[in-house]
Novice: 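Sending over a structure as structure tokens; questions will come in a sec.
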Amino acid sequence: MTPVVYPHWHILGAGAIGCLWSAQLYKNRITCMLLVRSQRFKQLESDTQPLLRITEGGQLNQLPVSIGSTNDAQPIENLLLTTKAGDALAAIQSVKDRLTNNTTIVLLQNGMGSQQAIAESFPELAVYAGSTTDGAWLESFLTIHRAGHGKTWLGPLSDKAHAETHNHAIESLVKLVGMDVSLTENVLAKLQEKLAINAAINGMTALHNCSNGELLKPEFQPTIAALCEETACVLAVEGYSGTGAQVLERVNHVLTVTGENYSSSLQDVRNNRKTELQWINGYLLTLADKHNIHAPAHETLMSQLAMKDIY
Ligand code: PAF
């Protein structure tokens, strides 16, 4: 009998999602190493085993985690990139000498645009993208809270990934117990669906400093509806088939079920971090501009945010 060979993963981006995947891989006995910049790596105490603290449903779990530096030399077989969209390309460039022609890359960024930029920069590699609704937030380095179990879709992005009939490493992610991961041939459609929702919610909650549920108030609904209408119209040039009314229905459903939550963009603002809105509404505006489509609701939203120094 041939022994089962489990793939080894490197995770780049030690935020909430990177830590969540690191914990799930560990629980599934798949080896992985969380990569941090050399400066941070040097600050870690070398004589103690780092522990990842994950709280879920009020229960704290502490799991050993293997941490390495982006500057190490050993090749990276499989890379899960979990940085913010704006840091993604630079992060992958920082380890480019460690990638081989056989490296599989999985991109888990919010919004759109950063994934395509990476697939174009690394055409010789099998680049996959993911779209996730998993909810987790980072309390401090290696301390996360899992807010909700979502679904993750993974699918090929680069030509090389599209040509593969089988990818052992990707299959290891689909089989993870404790995560709901499925494969799709059309990951762009999944990214568009999520972008359409984020484009109506995230910027508006950041601008009005409010919970998701507050956007259901009558005073915000006309703007939300206009954003949804423009999103459907702009994304249609990339094959999106939803109507503005369908997007609005989904957005209002998300606002209802996540009513108490604060969007990731508002959390970024409150924590003085740059948001990912450039990769959400910004992506739509770039696309609109390219195809001469008028998108005044998105334009106004982005300029109102800029007036408040929210980028
Ligand atoms: O970015 C987020 O916070 C979430 O994707 C969503 C759906 C807006 C809910 O808070």
Side-chain angles (χ1 to χ4, degrees), residues 1-13 17-35 66 68 72-83 85 88-89 91-93 95-110 112-134 149-195 238-239:
M1 223 171 74
T2 356
V4 186
V5 182
Y6 289 103
H8 176 76
W9 283 93
H10 280 89
I11 298 183
L12 182 51
I17 293 292
C19 288
L20 176 66
W21 281 80
S22 175
Q24 294 305 319
L25 287 169
Y26 174 82
K27 285 186 187 167
N28 281 266
R29 295 165 199 263
I30 297 180
T31 59
C32 91
M33 180 180 272
L34 201 54
L35 293 176
S66 155
D72 288 348
Q74 91 264 38
I76 293 176
E77 257 176 75
N78 304 297
L79 180 69
L80 190 58
L81 189 74
T82 52
T83 61
L89 187 57
I92 212 152
Q93 299 281 12
V95 293
K96 75 173 188 317
D97 295 340
R98 300 175 62 181
L99 307 176
T100 75
N101 281 347
N102 295 323
T103 302
T104 293
I105 297 179
V106 176
L107 307 172
L108 272 185
Q109 278 64 48
N110 278 331
M112 289 178 77
S114 70
Q115 303 91 333
Q116 290 94 326
I118 290 175
E120 278 160 26
S121 302
F122 296 91
E124 70 288 4
L125 300 185
V127 181
Y128 289 75
S131 174
T132 186
T133 54
D134 261 323
H149 284 236
K151 171 140 196 98
T152 302
W153 288 98
L154 294 181
L157 199 62
S158 66
D159 289 346
K160 181 165 183 197
H162 272 289
E164 286 182 333
T165 49
H166 172 88
N167 185 308
H168 181 51
I170 295 292
E171 277 153 28
S172 74
L173 301 183
V174 175
K175 288 185 199 140
L176 287 178
V177 174
M179 299 287 266
D180 182 359
V181 185
S182 300
L183 283 180
T184 171
E185 264 309 300
N186 191 357
V187 74
L188 286 177
K190 300 291 175 197
L191 291 169
Q192 288 171 340
E193 272 169 34
K194 185 156 186 243
L195 179 116
E238 287 196 332

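When a residue number appears, it is its place in the shown sequence, counting from 1.
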Novice: Can you see which heavy atom on Leu191 is nearest to which on Ser131, and at what distance?
Specialist: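 Taking Leu191 first and Ser131 second, the nearest heavy atoms are CD2-CB, 3.8 Å.
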Novice: Looking only at heavy atoms, what is the nearest atom pair of Gly130 and Leu154, with distance?
Specialist: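 Looks like CA-CD2, 3.7 Å.
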Novice: Could you check if a side-chain atom of Leu188 sits within less than 4.5 angstrom of a side-chain atom of Glu238, using non-hydrogen atoms only?
Specialist: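 With C-beta onward as the side chain, the pair stays apart.
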Novice: Work out which heavy atom in Cys32 is nearest to a heavy atom in Ser66; give both atom names and the distance.
Specialist: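 For Cys32 versus Ser66, the nearest heavy atoms are O-CB, 3.7 Å.
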Novice: Can you tell me how far apart CG (Leu183) and CH2 (Trp153) are? Round to the nearest 0.5 Å.
Specialist: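 Reported value, rounded in 0.5 Å steps: 9.0 Å.
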Novice: Just so I know, are the side chains of Trp21 and Thr152 near enough to count as touching, which here means a heavy-atom distance under 4.5 Å?
Specialist: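 Yes, their side chains come closer than 4.5 Å.
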Novice: List the residues meeting side-chain contact (heavy atoms from CB on, under 4.5 Å) with Asn102, not counting sequence neighbours, and say none if there are none.
Specialist: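 For Asn102 the side-chain contact (heavy atoms from CB on, under 4.5 Å) partners, ignoring immediate neighbours, are Thr100.
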Novice: Please list, chain by chain and in numerical order, all residues satisfying side chain to side chain donor-acceptor pair (under 3.5 Å) with His162, sequence neighbours excluded.
Specialist: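 Scan of His162 (side chain to side chain donor-acceptor pair (under 3.5 Å), adjacent residues dropped) gives none.
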Novice: Going from CD1 on Ile170 to OG on Ser172, what distance comes out if it is rounded to the nearest 0.5 angstrom?
Specialist: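 Ile170 CD1 to Ser172 OG: 7.5 Å, rounded to 0.5 Å.
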Novice: Among all residues two or more places apart in sequence or in another chain, which pass the salt bridge (charged side-chain N to carboxylate O under 4.0 Å, His left out) test with Asp180?
Specialist: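 Asp180 satisfies salt bridge (charged side-chain N to carboxylate O under 4.0 Å, His left out) with Lys151 only.
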Novice: Where is the tightest heavy-atom contact between Trp9 and Ala169, given as atom of each residue plus distance?
Specialist: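 Closest heavy-atom pair between Trp9 and Ala169: CZ2-O, 3.3 Å.
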Novice: Please table the atom pairs, donor to acceptor, closer than 3.5 Å between any side-chain atom in residues 116-129 and protein atoms at least two apart or in another chain.
Specialist:
from: Gln116; atom 1: OE1; to: Gly113; atom 2: N; distance (Å): 2.9
from: Ser121; atom 1: OG; to: Ala117; atom 2: O; distance (Å): 2.8
from: Tyr128; atom 1: OH; to: Glu164; atom 2: OE1; distance (Å): 2.4

Novice: Is any side-chain heavy atom of Leu25 less than 4.5 Å from a side-chain heavy atom of Thr31?
Specialist: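 No, their side chains stay 4.5 Å or more apart.
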Novice: Between Ile30 and Leu176, is any pair of side-chain heavy atoms under 4.5 Å apart?
Specialist: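 Answer yes - side chains close enough.
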Novice: With sequence neighbours left out, write down each residue that passes ring pair (Phe, Tyr, Trp, His ring centres under 6.0 Å) with His8, or none if nothing qualifies.
Specialist: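 Here the qualifying residues are His10.
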Novice: Measure the CD-CG distance between Gln192 and Asn186 for me, rounded to the nearest 0.5 Å.
Specialist: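 Reported value, rounded in 0.5 Å steps: 7.5 Å.
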Novice: Would one find more than 12 heavy atoms of other residues, nucleotides or ligands at under 6.0 Å from atom CG of Asp159?
Specialist: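 Count not over threshold, so no.
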Novice: Flag the pair Ile92 / Leu79 as yes when at least one side-chain heavy-atom distance between them is below 4.5 Å, and no otherwise.
Specialist: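 Answer yes - side chains close enough.
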Novice: Does Thr82 have any side-chain contact (heavy atoms from CB on, under 4.5 Å) partners at least two apart in sequence or in another chain, and if so, which?
Specialist: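 For Thr82, the residues satisfying side-chain contact (heavy atoms from CB on, under 4.5 Å) (neighbours in sequence not counted) are Ile11, Ile17, Leu80, Leu108.
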Novice: Among all residues two or more places apart in sequence or in another chain, which pass the side-chain contact (heavy atoms from CB on, under 4.5 Å) test with Ala23?
Specialist: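 In terms of side-chain contact (heavy atoms from CB on, under 4.5 Å), with neighbours along the sequence ignored, Ala23 is linked to Leu52, Ile54, Leu63.
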Novice: Who pairs with Lys194 by side chain to side chain donor-acceptor pair (under 3.5 Å), at least two apart in sequence or on another chain?
Specialist: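 Scan of Lys194 (side chain to side chain donor-acceptor pair (under 3.5 Å), adjacent residues dropped) gives Asn110.
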Novice: Tell me the side-chain hydrogen bond (donor to acceptor under 3.5 Å, both in side chains) pairs involving residues 72-81, sequence neighbours left out?
Specialist: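 For residues 72-81, and leaving out neighbouring residues, the side-chain hydrogen bond (donor to acceptor under 3.5 Å, both in side chains) pairs sorted by first residue read Gln74-Arg98.
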Novice: Applying side-chain contact (heavy atoms from CB on, under 4.5 Å), name anything that partners Thr83, two or more places apart in sequence or on another chain.
Specialist: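 side-chain contact (heavy atoms from CB on, under 4.5 Å) check on Thr83 returns Leu81, Asp87, Ala88, Ala91, Gln109.
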Novice: Measure the spacing between CE of Met179 and OG1 of Thr132 and express it to the nearest 0.5 Å.
Specialist: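 Atom-to-atom, Met179:CE and Thr132:OG1 are 6.5 Å apart.
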Novice: Could you pull out all residues at least two apart from Thr104 that satisfy side chain to side chain donor-acceptor pair (under 3.5 Å)?
Specialist: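 Counting only residues at least two positions away or on another chain, Thr104 forms a side chain to side chain donor-acceptor pair (under 3.5 Å) with Asn167.
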Novice: Nearest 0.5 Å, what's the CG-OG1 distance between Asn101 and Thr103?
Specialist: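 The CG atom of Asn101 sits 8.0 Å away from the OG1 atom of Thr103.
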Novice: What residues form a salt bridge (charged side-chain N to carboxylate O under 4.0 Å, His left out) with Lys27, not counting sequence neighbours?
Specialist: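 Scan of Lys27 (salt bridge (charged side-chain N to carboxylate O under 4.0 Å, His left out), adjacent residues dropped) gives none.
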Novice: What heavy-atom pair brings Asp134 and Gly150 nearest, and what distance separates the two atoms?
Specialist: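 Between these two residues, the closest heavy atoms are OD1-N, 2.9 Å.
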